[in-house]
Amino acid sequence: MKSWSYKPLPPTKDILPFARESKILSRLLWQRGLRTEKEIHTYLNPSLDDLSSPLLMRNMEKAAQRLEQAIEQKEHILIHGDYDVDGMSSVALCYLFLKQHMPSSCLHSYLPHRQEGYGFSEAGLQSATEHSCTLILCLDCGTQDVEPIRRAQEKKIDVLVCDHHIPSPPLSNPYALLNPTHPEDGYPCKILSTAGVAFRLLEAVSELRNYPLEDLHAYLPMVALSICADLVPLKEENRTLTYLGLKGWRTKVLPSLKALANQSKLANPIKPHDLSFKIIPRLNAAGRMDHPKEAFKLLISQEDEDIQQQIRCLEEWNSQRRSLQEKITQEALKQIDSKKNIQVLFSRDWHIGVLGIVASRCVEESRRPCIVLASQPGVGIWVGSARSVNGINIHQELKRCDHLLERFGGHSSAAGLSLREENISLLSAKLNEGSNVGPPDLSYTEGIQIIDLSLELSQISENMYQGIEQLSPFGPENHEPVFSSTHLELVSAPKWYREKHMELQVKDPRSGTRKRAIGFYMDKKNYEHILKKGSTHLHLAYTLERDKFRQQELLLNIKDIALD
């Protein structure tokens, strides 16, 4: 059970611009910072027309003209990505689009193995040289790959970088660097994923070449996949791109995504949660257990037989990944030191491919930022993944320790790093020294449940639910609204499944309205003593969802339970 904190409600005078909407939806929109009818209309009706001009991005015109030249002259292009889903989906986006406009024999892809490490490397440059490439398109890397890009230029190979990682000197000097997080970049939206940056580049090229923009828009599902994989905020342009991208997941244009959705039994409409928990882990499993190029092959495949073969391989790798990550997570949790605000966990025996997932699990359990490290075979370097909590910017913390690191990069909530073994203990000490690191955000560590609005059960209706769905897609920084209903009566004793999932029915004595409620990962020991038949004064915090089997029924998805 948590402490509950209610979001502020709009003053009566500020409800006026929302007169055409329901009171519930109006209040939710106000809480999201929307104040005018124009802002509301734009928010509720996402459109590509509302995106900023791609030419506002620093170096965009130069990059678009160079890529247009490569298309015109049929140059050989190496599309270089990263080993995670953001990287591979960005490569797939560019490959499929360019394949429409130039011979496929001119297009070459390179995705590094995880053991190679993050970024554009000598191996990628060698691949470009072997294929006689005169242009390299670096996706989800390149901002700080100084030496490889310098060597490419020495070989008369131009490099275009599409990246979104926060720059930290020294910076590379490619032919054109597209990165909205660069301090000199004036592009209004700073939170794009790599595929979002690449999409804007391809838009600019389409304008130069007079290509129908509809051809490019058909690949928006790849952009949505990238956004959900990289956990960038689902607001501003990201929300528009995701909203429109999710609508195209079952089209014939991208048969691989349609097959993945069908194989994972995703219901319509597809939501970011579906991608995060059912699609992305399968795709990432290739890079974790084997090589990311196997998942990339699936993403660009057009033939059903090839697609089904690749999906079967992903299923097997994903099963192996689950078993391995569970074992390593349990070992990592034993190293947690409750006296430290930032945990540095490591073992020579851990598999590099699952470090990010293990770090996330350790954050959930410890409620502290966690860095999980493993030894990179044969090179004397340890590599790792960092995950954080609200209130601690892990990228900034690593930047304080850059003298101890070989490489690092990432965002406020997630980062990757490499270092020498003798610096592991020094890193832990530096991260936790003095007052540099305050305690994590209380909303995470002490379990504060944020409530958007208080409702009576009688207010829940189909129209109300459809209004809430207009705020979707939900994800980081655009969270699904959480409601509370108080003084409810428990109609029947809860049904428990595996001692941690439950189902119950509640009634509002004031109106007699009954609702079925479900709760996942609710520890039975913490709740069974208050959940007795006939109990009154029960308070629920919940989100709303449609029953997958009885589509007309709306369920309460319990986030917390409290008593007077």
Side-chain angles (χ1 to χ4, degrees), residues 80-92 109-119 121 123-124 140-141 194 225-226 228-231 260 275-299 310-333 335 343-364 370-387 406-410 414-419 421 424:
H80 188 298
D82 190 23
Y83 45 69
D84 62 10
V85 172
D86 183 29
M88 71 177 72
S89 58
S90 300
V91 175
S109 62
Y110 187 86
L111 292 114
H113 194 284
R114 278 181 183 265
Q115 290 188 358
E116 292 178 44
Y118 163 79
S121 64
D140 204 30
C141 59
T194 296
L225 179 62
S226 161
C228 295
D230 221 44
L231 297 175
L260 277 168
L275 302 192
S276 296
F277 288 91
K278 295 183 179 179
I279 301 296
I280 291 166
R282 286 178 164 86
L283 291 169
N284 264 331
R288 297 185 191 283
M289 307 308 299
D290 191 89
H291 199 288
K293 66 182 180 182
E294 301 302 326
F296 170 71
K297 288 179 185 176
L298 166 63
L299 291 179
Q310 291 299 126
I311 286 179
R312 285 192 291 272
C313 290
L314 291 185
E315 286 297 316
E316 183 174 343
W317 286 324
N318 198 38
S319 176
Q320 294 173 10
R321 185 269 307 170
R322 282 196 298 264
S323 176
L324 187 62
Q325 85 179 42
E326 186 58 37
K327 174 180 179 293
I328 295 175
T329 297
Q330 295 307 314
E331 293 174 1
L333 288 173
Q335 295 185 21
Q343 304 292 313
V344 179
L345 317 171
F346 59 96
S347 171
R348 196 176 301 279
D349 299 326
W350 292 345
H351 192 289
I352 290 173
V354 297
L355 298 183
I357 305 175
V358 172
S360 295
R361 287 282 305 277
C362 289
V363 169
E364 293 172 6
C370 291
I371 299 171
V372 180
L373 302 165
S375 176
Q376 195 170 10
V379 294
I381 296 292
W382 289 63
V383 297
S385 291
R387 298 292 184 269
E406 298 296 305
R407 298 181 70 183
F408 78 98
L417 66 154
S418 63
L419 74 168
E421 183 170 353
I424 294 176

Engineer: Just verifying a value: how many Å separate Asn284 CG and Leu314 CG, rounded to the nearest 0.5 Å?
Structural biologist: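 CG of Leu314 is found 10.0 Å from CG of Asn284.
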Engineer: Contact between Arg288 and Gln325 at the side-chain level, heavy atoms closer than 4.5 Å - yes or no?
Structural biologist: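 The answer is no, as the side chains (C-beta and beyond) never meet within the 4.5 Å cut-off.
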Engineer: Taking the side chain as every heavy atom from C-beta outward, state whether Trp382 and Leu419 have any pair of such atoms under 4.5 Å apart.
Structural biologist: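 Yes, side chains in contact.
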Engineer: Check the orientation of His291 and His113. Use parallel for under 30°, tilted for 30 to 60°, and perpendicular for over 60°.
Structural biologist: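 Perpendicular: the ring planes of His291 and His113 meet at over 60°.
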Engineer: Please tell me if the side chains of Pro281 and Arg321 come closer than 4.5 Å, counting only heavy atoms from C-beta onward.
Structural biologist: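 They are in side-chain contact.
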Engineer: Do you know which two heavy atoms are closest between Arg407 and Gly119, and how far apart they sit?
Structural biologist: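 Nearest heavy atoms, Arg407 then Gly119: NH2-CA, 4.0 Å.
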Engineer: If you take all heavy atoms of Leu345 and Cys362, which pair is closest and at what distance?
Structural biologist: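 Where Leu345 meets Cys362 most closely, the heavy atoms are CD1-SG, 3.9 Å.
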Engineer: Taking the side chain as everything from C-beta on, heavy atoms only, tell me whether Val372 gets closer than 4.5 Å to Val354.
Structural biologist: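 No, too far: nothing below the 4.5 Å cut-off.
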Engineer: If the threshold is 4.0 Å, N to carboxylate O, is there a salt bridge linking Lys327 and Glu331?
Structural biologist: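 Yes.
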Engineer: Looking only at heavy atoms, which two atoms of Asp86 and Ala229 are closest? And how far apart?
Structural biologist: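 Between these two residues, the closest heavy atoms are N-CB, 4.1 Å.
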Engineer: Is there side-chain contact between Met289 and Leu324, with heavy atoms separated by less than 4.5 Å?
Structural biologist: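 Yes, their side chains come closer than 4.5 Å.
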Engineer: Looking at Asp84, Asn318, Leu260, which one forms a side-chain contact (heavy atoms from CB on, under 4.5 Å) with Leu283?
Structural biologist: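 Single side-chain contact (heavy atoms from CB on, under 4.5 Å) partner of Leu283 among Asp84, Asn318, Leu260: Leu260.
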Engineer: To the nearest 0.5 Å, what is the distance between OG on Ser375 and CD1 on Ile352?
Structural biologist: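 If I round to the nearest 0.5 Å, the distance is 7.0 Å.
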Engineer: Using a 6.0 Å cut-off, check whether atom CD of Glu406 has over 12 heavy atoms from anything other than its own residue.
Structural biologist: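 Yes - once you tally the heavy atoms of other residues, nucleotides and ligands closer than 6.0 Å, there are more than 12.
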Engineer: With a 4.5 Å heavy-atom cut-off, do Ile357 and Ile328 have their side chains touching?
Structural biologist: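 Not in contact.
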Engineer: Hey, could you give me the CG/OG distance between Leu373 and Ser347, rounded to the nearest 0.5 Å?
Structural biologist: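 Leu373 atom CG to Ser347 atom OG measures 10.5 Å (nearest 0.5 Å).
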Engineer: Which pair of non-hydrogen atoms, one from Leu355 and one from Trp350, has the smallest distance, and what is that distance?
Structural biologist: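 Looking at all heavy atoms of both residues, the shortest contact is CD2-CB, 4.4 Å.
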Engineer: Which value, rounded to the nearest 0.5 Å, describes the distance between Asp290 atom CG and Cys313 atom SG?
Structural biologist: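 Asp290 atom CG to Cys313 atom SG measures 8.5 Å (nearest 0.5 Å).
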Engineer: I'd like to check Leu225 versus Val85 (side-chain heavy atoms, cut-off strictly below 4.5 Å). Are they in contact?
Structural biologist: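 They are in contact (side-chain heavy atoms under 4.5 Å apart), so the answer is yes.
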Engineer: Checking Gln310 side chain against Glu294 main chain: does a donor-acceptor pair fall under 3.5 Å?
Structural biologist: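 Checked: pair present.
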Engineer: Side-chain contact, heavy-atom cut-off 4.5 Å: His80 with Pro112?
Structural biologist: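 In short, these two side chains touch, coming nearer than 4.5 Å.
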Engineer: Looking only at heavy atoms, what is the nearest atom pair of Gln335 and Gln343, with distance?
Structural biologist: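 Closest pair (atom of Gln335, atom of Gln343, distance): O-OE1, 4.2 Å.
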Engineer: For Asp230 and Thr194: C-alpha separation, side-chain torsions, deciding distance, then whether side-chain contact (heavy atoms from CB on, under 4.5 Å) applies.
Structural biologist: CA-CA 9 Å; Asp230 221 44; Thr194 296; 5.8 Å; no
Engineer: How far apart are the closest heavy atoms of Ala415 and Arg387, and which atoms are they?
Structural biologist: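 Where Ala415 meets Arg387 most closely, the heavy atoms are O-NH1, 3.8 Å.
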Engineer: Roughly how far apart are Lys293 NZ and Ser109 OG, rounded to 0.5 Å?
Structural biologist: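 Nearest 0.5 Å value for the NZ-OG distance: 9.5 Å.
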Engineer: Does Ser319 reach the main-chain N or O of Glu315 with its side chain, forming a donor-acceptor pair under 3.5 Å?
Structural biologist: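 A pair under 3.5 Å: no.
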Engineer: As an exercise, state the distance from CG of Leu231 to OG of Ser276, rounded to the nearest 0.5 Å.
Structural biologist: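 So the CG of Leu231 and the OG of Ser276 are separated by 6.0 Å.
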